[in-house]
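So that the names make sense, note that chain A is the first sequence line, chain B the second, and so on, each numbered from 1.
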Amino acid sequence: MERYNFKDFEQKWQNNWNEKKLFRAKLDKNKKKFYCLEMFPYPSGNIHMGHVRNYTIGDVLSRYKKLQGFNVLHPMGWDSFGLPAENAAKQNNLDPKIWTQTNIERMKFQLKKLGLSIDWEREISTCSPDYYKYQQIFFLELFDKGLVYRKESYVNWDPIDQTVLANEQVIEGKGWRSGAIVERKKLNQWFFNITKFSQELLDGLDKLDQWPNKVKTMQKNWIGRSFGCEINFKIEGDLPVNEIKCYTTRPDTLFGFSFLAVSPDHPISTFYNENKEFLKFKDDCSKTGTTEESIAQAEKIGFKTNLLAINPLNNKKVPVYFANFVLMDYGFGAIFGCPAHDQRDLDFANKYNLEILPVVKPENEDNTFKITKLAYTGPGLIFNSDFLNDLKAPNESISETIKILENKNIGKKKINFRLKDWGISRQRYWGCPIPIAYNKQNEALKIPLESLPIKLPDKINLNTTGNPLEHAKEWKNIKINGEDCVMETDTLDTFVDSSWYFLRFCSPKNDKYGFSKDEVDYWMPVDQYIGGVEHAILHLLYSRFFTRALENKNNEFNITEPFLGLFTQGMVCHETYKNEDGAWLNPKEVESSNGKDYFVKGNPKKRVKVGTSESMSKSKKNTIDPEEMITNYGADAVRLFILSDSPPEKDVQWSDQGMLAAYKFIQKFWLIHQSIKNEIFSTNENKMENTVEMEFQKFTNEIIDKITKNLNNFHYNVIIANFHETYNFLSKLKINKIKKSILSENYLKILTIMSPVIPHIASECINQIQNKDETNWPNIDKKFLEKKKLQIVVQLNGKKRGLITCDANTDEDQLLTLIKSDGQYKKFFKDMKIIKTIYVKDRLVNLILK
RNA sequence: GCCCUCGUGGUGAAAUUGGUAGACACAAAGGACUUAAAAUCCUUGCCGCUUGCGGAGUGCCAGUUCGAGUCUGGCCGAGGGCACCA
């Protein structure tokens, strides 16, 4: 028998789908649509196993929905702006455009080999002016809506390279390339006013019932809504400062107020610009470590002013400090210190010998309750607080105190968000130019629509200090309404590019606007979005914001949530290997004879240390090249393996044995297909056996039922198990005892339900049996799901004692008689009485004996 | 520190509503076929009594229930997110 030649067949079917334009999506209002989208890749050079997993999951879903009769939109594009292209171009003296284009072609070739059901006619690339033109239009729309603004903000500045660094380019406080200590520098930058939508973005989460809870809580925490109160404290002292505003979530602890602390960047710090001691203090503040954790655990330090803050409730005067732990960009950059009930305030008070007055006591404590090292943040009763005494903290006391403060005009209720506005300026060449120019008065002017797109200049020298666009003199000079202006040289954060690409896929060729109303109305929202959990916060939140920002004040567009369903897949992992010198080794460079001891390939004396299994990464060299796997085993086998073993939301472990097993499955299946095909087309007449026919039809309908359910729930690993069950069943089936029409009809159903996962071999097998192209997802014939004979569990006192075979719908009494007459239970009934019977229909009987 | 998720054989895992724990696969061991190897097929979770049967068993401790991997409370462990957010 001939082996399955996957190379020929996979090529044959990919050509066939391509020629028939099978995956071209066309707007058809009479058909129900399904928009399946996977996160588009960054064109880094080659696809990796993470892409294979992501796009296989999406492809299985798309093909399944298509078979179910949906009008499926399944597009692909390229997130092609960004730093790696600029760096690679710098290193190799290339044009980023050429580098990117070469990578795209290479990766497109690789993706096509996987046999994905993608409508390639809708391909988009964010670095193309055909794409970013509309992004510039959107930017100006948002500008008009007041959702874009400019303000001074800090950046990471590399003093040697004279360039702005992204956070991930700062390694242990130093520039990744120069190694220089990174400075904070203030620059004028553009922002999207995402905080305007804080509440909406939070509320919207509740409606996203097809999103993982994990992602929703992450977004919730990121938005970080808190309920509290702003309080205006009167100030006395040697400066022209009359009051300082603070934000607090615990106004009920106001009687425990013992200091007021402001951020070193607080506006009142301008009075200390000449004060050497203050400047030294500010310097000390910035010296604490760079990791988030070390910042959080840094020692609390303060700088005492000569100001006094007055407690509005009892007119007590307390000192005012600058403190390193107060953040300028949350609340008002000033806090009221209540050491007894806040750990940070307590640490600070202990260090500077400030009063610690407890005002909340746990229910079981009396008025002698004291605080020393550990702040009390739990519930209890208010005390030491005059007219607030005996209120229940926190629920009753907070709302009651806010009422009193509001009545006295001292403070008012306020809701705060942790979310900050989105800084979108990047001082880089390889990004979307911001369509703004500045006149002589340095006013920001919009570039007129007819001048869009503002294209990136070609053939630019990248080996400059700072942003290469700064040096593009010709490009920078522009006339707006006859006025000489200078272009904005910042480009947009690449997260902006990916915040609306799902809209562009609906109308990729529209040259009037970013999308057309008709098409967006039909295709949006995305029914299923699939991608890595690493985008759980930023990309998804930005996309949700951008969609809302477009919807804002726009009657033509009324979508607020772009992604109806979200699925976050796990990573692809592999063991890591190191040689004796501690250098990483690729799996290809490693060998083992027994699966325990590893050594360098071809050199059994050089031992290899096996490390933990980690997400595949170039730096650890634990990568497997998808293209090579497709060449060796075929796309179907790779698709089969990447879905097997682990549920798609969890990390999956790459294993060579697993890959091989998937390959063997394809080969085994081909053999059994040959015998079934031969039987179907044979002319010899055999004796039919009704029971075999029944058994086959029962199995077919059961497996359709199982696979359909598993597809709907993303239990793709179980589907692979179902395939093995199917193979095991077919290999034992007496196919020559089945009527040919029943055999081919049911076998075709089986091939159809397998086709989303292994489309090439399934198409070939289907094609060998029937000669038409259209196949639909098979319906289940319910009569084959009904069981005639049942095995019912017999439990005695809740413990399984055996199984009993009976007809369906046997009633309790009949069952009891059957059990009593069965010899194997006799010993249990000895000297016992049945005092209770629990009967779960068609499933189990539990007899309680005494 | 706060928030979230998850703990099932040697391994990856499966198990509608609480109702036969371990489907399916990988690995290992034993066996069949073979002159031999490869390939293929069969058997095997643990403990006890050599069969048949009995017992324990889903991180640990308790609870609810006729019945708990599944529900509740507490503890332990692993992973992830946020991080001085007042």
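Candidate nucleotides A25(B), G19(B), C82(B) were compared by shortest atom distance to the side chain of Ala661(A), and A25(B) ranks first. Distance from the side chain of His724(A) is smallest for C24(B) among the nucleotides A13(B), C24(B), C26(B). The side chain of Lys799(A) lies closest to A56(B) when the candidates are A83(B), C4(B), A56(B). The side chain of Asn846(A) has C66(B) as its nearest neighbour among A27(B), C66(B), A23(B). The side chain of Lys668(A) approaches C41(B) more closely than any other nucleotide in the set U20(B), C41(B), A23(B). Out of A13(B), G12(B), C82(B), the shortest distance to the side chain of Asp645(A) is found at G12(B). Of the listed nucleotides (C84(B), C41(B), A21(B)), A21(B) has the atom at the smallest distance from the side chain of Lys800(A). For Leu844(A), the side-chain atoms get nearest to G19(B) when compared with the rest of G19(B), C66(B), A83(B). Side-chain proximity of Tyr330(A) to the nucleotides A86(B), G19(B), G81(B) is greatest for A86(B). Comparing G67(B), G12(B), U20(B) by their closest approach to the side chain of Val793(A) singles out U20(B).
The base of U17(B) lies close enough to the side chain of Arg843(A) for a donor and an acceptor atom to sit less than 3.5 Å apart. Applying the 3.5 Å distance criterion, the base of C3(B) shares no donor-acceptor pair with the side chain of Lys220(A).
Using a 4.0 Å heavy-atom cutoff across all strands shown, Thr248(A) reaches sugar-phosphate atoms only and no base atom. As judged by a 4.0 angstrom heavy-atom cut-off over every strand, Ile848(A) is placed among residues touching the sugar-phosphate backbone only. Base engagement by Val326(A) is indicated by at least one non-hydrogen atom pair under 4.0 Å involving a base atom. Using a 4.0 Å heavy-atom distance criterion, Lys664(A) is classed as a sugar-phosphate-only contact. Base contact: Gln795(A) has a heavy atom under 4.0 Å from a base atom.
Summarising the geometry, the separation between CH2 on Trp222(A) and C1' on A83(B) is reported as 10 Å, rounded to the nearest angstrom. What separates CG of Leu671(A) from C1' of A39(B) is a distance of 12 Å, to the nearest Å. Atom-to-atom, CD of Gln791(A) to C1' of G19(B) comes out at 15 Å; the value is rounded to the nearest Å. The CZ-C1' distance, from Phe257(A) to A86(B), rounds to 13 Å in whole Å. Atoms CG (Asn221(A)) and P (C4(B)) sit 8 Å apart, rounded to a whole Å. In this entry the distance linking CD1 of Ile720(A) with P of A23(B) reads 18 Å, nearest Å. If you take CG of Asn213(A) and P of C4(B), they are 11 Å apart, rounded to a whole angstrom. In this structure, CH2 of Trp211(A) is placed 16 Å from C1' of C4(B), rounded to the nearest angstrom.
Salt-bridge formation is detected for the pair Lys698(A)/Glu702(A): a Lys NZ or Arg NE/NH1/NH2 atom is positioned less than 4.0 Å from an Asp or Glu carboxylate oxygen. The pair Lys351(A)-Asp347(A) does not count as a salt bridge, with every side-chain nitrogen at least 4.0 angstrom from each carboxylate oxygen.
Residues Trp654(A) and Phe641(A) bring their aromatic ring centres within 6.0 Å.
For the C1' atom pair drawn from G19(B) and G12(B), the interatomic distance equals 27 Å after rounding to whole Å. Nucleotides A21(B) and U16(B) are separated by 16 Å at their C1' atoms, to the nearest Å. Distance noted for atom C1' between U44(B) and G22(B): 14 Å (whole Å). G9(B) and G45(B) are spaced 15 Å apart, taking the P atom of each and rounding to whole Å. If you take atom C1' in A36(B) and the same atom in U43(B), they sit 24 Å apart, rounded to whole Å. Here, A38(B) and A28(B) have their P atoms 12 Å apart, quoted to the whole Å. Rounded to a whole angstrom, the distance from the C1' atom of A14(B) to that of A62(B) is 29 Å. Distance check on atom C1': U5(B) versus C66(B) gives 33 Å, rounded to whole Å.
In G59(B) the base sits anti relative to the sugar, since the glycosidic angle is further than 90° from 0.
Remark: Asn728(A) is in phosphate contact with A25(B), judged by side-chain N or O atoms under 4.0 Å from OP1 or OP2. Proximity of Lys650(A) to the phosphate of C6(B): no side-chain N or O atom is located under 4.0 Å from OP1 or OP2. Between His715(A) and A15(B) there is a side-chain polar atom (N or O) within less than 4.0 angstrom of OP1 or OP2. Using a 4.0 Å cut-off, some side-chain N or O of Ser226(A) falls inside it from OP1 or OP2 of A86(B). Phosphate proximity of C41(B) to Lys732(A): absent, as no side-chain N or O sits under 4.0 Å from OP1 or OP2. Side-chain N/O atoms of Asn717(A) include one lying less than 4.0 angstrom from OP1 or OP2 on A14(B). OP1 or OP2 of A13(B) sits under 4.0 Å from a side-chain N or O of Ser646(A). Listed pair Arg801(A) / G67(B) fails the phosphate criterion, with no side-chain N or O lying under 4.0 Å from OP1 or OP2.
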Fill in: Dot-bracket line, read 5' to 3' along RNA chain B, where crossing pairs take [ ] and | marks a partner on another strand, Watson-Crick or G-U under 3.5 Å
(((((((..(((......[....))).(((((.......))))).((((..))))...(((((..]....))))))))))))....
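Sequence order on RNA chain B of the closest nucleotides to Gly224(A) and Lys709(A) puts Lys709(A) first from the 5' end. Take the nearest nucleotide of RNA chain B for Gly798(A) and for Ile537(A): the residue whose nucleotide is more 5' is Gly798(A).
For the residue pair Tyr577(A) and Glu575(A), a side-chain donor N or O sits within less than 3.5 Å of a side-chain acceptor on the partner. With 3.5 Å as the limit, one finds a donor-acceptor pair spanning the side chains of Ser226(A) and Tyr330(A). Using modelled atom types and a 3.5 Å distance limit, the side chains of Thr401(A) and Asp252(A) yield no donor-acceptor pair. Side chains of Glu725(A) and Asn722(A): a donor-acceptor N/O pair is present below 3.5 angstrom, by distance only. Donor-acceptor pairing under 3.5 Å is recorded for the side chains of Gln199(A) and Arg225(A). Inspection of the Thr612(A) and Glu614(A) side chains reveals an N or O donor paired with an N or O acceptor under 3.5 Å.
Applying the ring pair (Phe, Tyr, Trp, His ring centres under 6.0 Å) test to Phe729(A) and every residue at least two apart in sequence or in another chain returns Phe699(A).
Ser644(A) has its side chain out of reach of Asn717(A): every pair of non-hydrogen atoms, C-beta onward, lies at least 4.5 Å apart.
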Discussion item. Checking Lys282(A) against Asp265(A) for the salt bridge (Lys or Arg N to Asp or Glu O under 4.0 Å) test, could you report, in this order, the C-alpha distance in whole Å, the side-chain angles of both residues, the deciding distance, and whether it holds?
Written reply: CA-CA 9 Å; Lys282(A) 218 174 157 175; Asp265(A) 296 319; 3.5 Å; yes
